[in-house]
Amino acid sequence: MHIDIITCLPKLIESPFSDSILKRAQNKGLVTVNIIDLRSYSIDKHKSIDDYSFGGGAGMVMMIEPIDRCLEDLKTKRTYDDIIYMSPDGQLLTQPVANELSLKNNLILLCGHYKGVDERVREHLVTREISIGNYVLSGGELAAAVLADAVIRLVPGVLSDETSALSDSFQDNLIAPPVYTRPASYKGWDVPSVLLSGHQAKIEEWRHEKAVERTKTRRPNLLSNT
Ligand code: SAH
């Protein structure tokens, strides 16, 4: 999988990809992430990428031309499955959306800033819009990092224990059951004895029960989806 992230603030998005699972995914050659500075496609020597909003009003708007030039350049190198604009009013990011995107080969994530991008970018240049929740961030970078993380960890081979992504919350419409590690007793707070029993079938049964119980109390809507 290859992901290109277009941003006017590259530094904001570098660190999530330079550590831990996302770094290992790249080192293993399973994923390549390329962060592109939109200012290098600017149309003037001041490297501007934004301008005042037609009709007035507070806040700058990201211009279409640098974005179009950048996308045209990227498209000479690969064919993209989706060009995604990170947007608060886009399709909500959920586990099924992450699952679907993890099957794609080449993606572009476009990060907005200020008031967002010129509407014509949304109408003509992107294929899809994704939101990480119903709240407004100051830029698309953190949203793009969240989306990329959710997707990359699902690419086969990225997680060392292949089954572990499958037992995460929201897969199978269930929340993950509680997990514990040593010590078995701390300040009188004991780990459920079934987990120490060594009886694998009983452990699995307990985990399933807890997952259902937790889903009923925390995300009952998931159960009505099944
Ligand atoms: N004026 C816009 C918000 C712009 S916020 C509005 O009211 O809808 C600036 C940029 O941050 C956006 O262009 C988008 O790329 C990003 N952004 C903000 N919140 C986001 C969210 N919840 N999900 C994804 N991207 C978001």
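All values derive from a computational prediction rather than experimental measurement. Each ligand, and each atom within it, is numbered from 1 in the order the structure gives.
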Same cluster or not: are Leu30 and Ile5 linked, directly or through other Ile, Leu, Val, Met, Phe, Trp or Tyr residues, by side-chain heavy atoms under 4.5 angstrom apart? yes

Cut-off 3.5 Å, no hydrogens considered: what does the side-chain donor-acceptor table look like for residues 55-68, sequence neighbours left out?
none

Compile the protein residues with any heavy atom at a distance under 4.0 Å from an atom of ligand 1; present them by chain, then by number. Tyr85, Met86, Ser87, Pro88, Gly112, His113, Tyr114, Lys115, Gly116, Ile130, Ser131, Ile132, Gly133, Tyr135, Val136, Leu137, Ser138, Gly139, Gly140, Ala143

Does anything in residues 13-30 form a side chain to side chain donor-acceptor pair (under 3.5 Å)? List the pairs, not counting sequence neighbours. none

Partner set under side-chain hydrogen bond (donor to acceptor under 3.5 Å, both in side chains) for Glu119, not counting sequence neighbours: none

Please tell me whether Gln171 and Asn99 have a donor and an acceptor in their side chains that are separated by less than 3.5 angstrom. yes

Flag side-chain contact, heavy atom, 4.5 Å: Lys77 against Asp73: yes

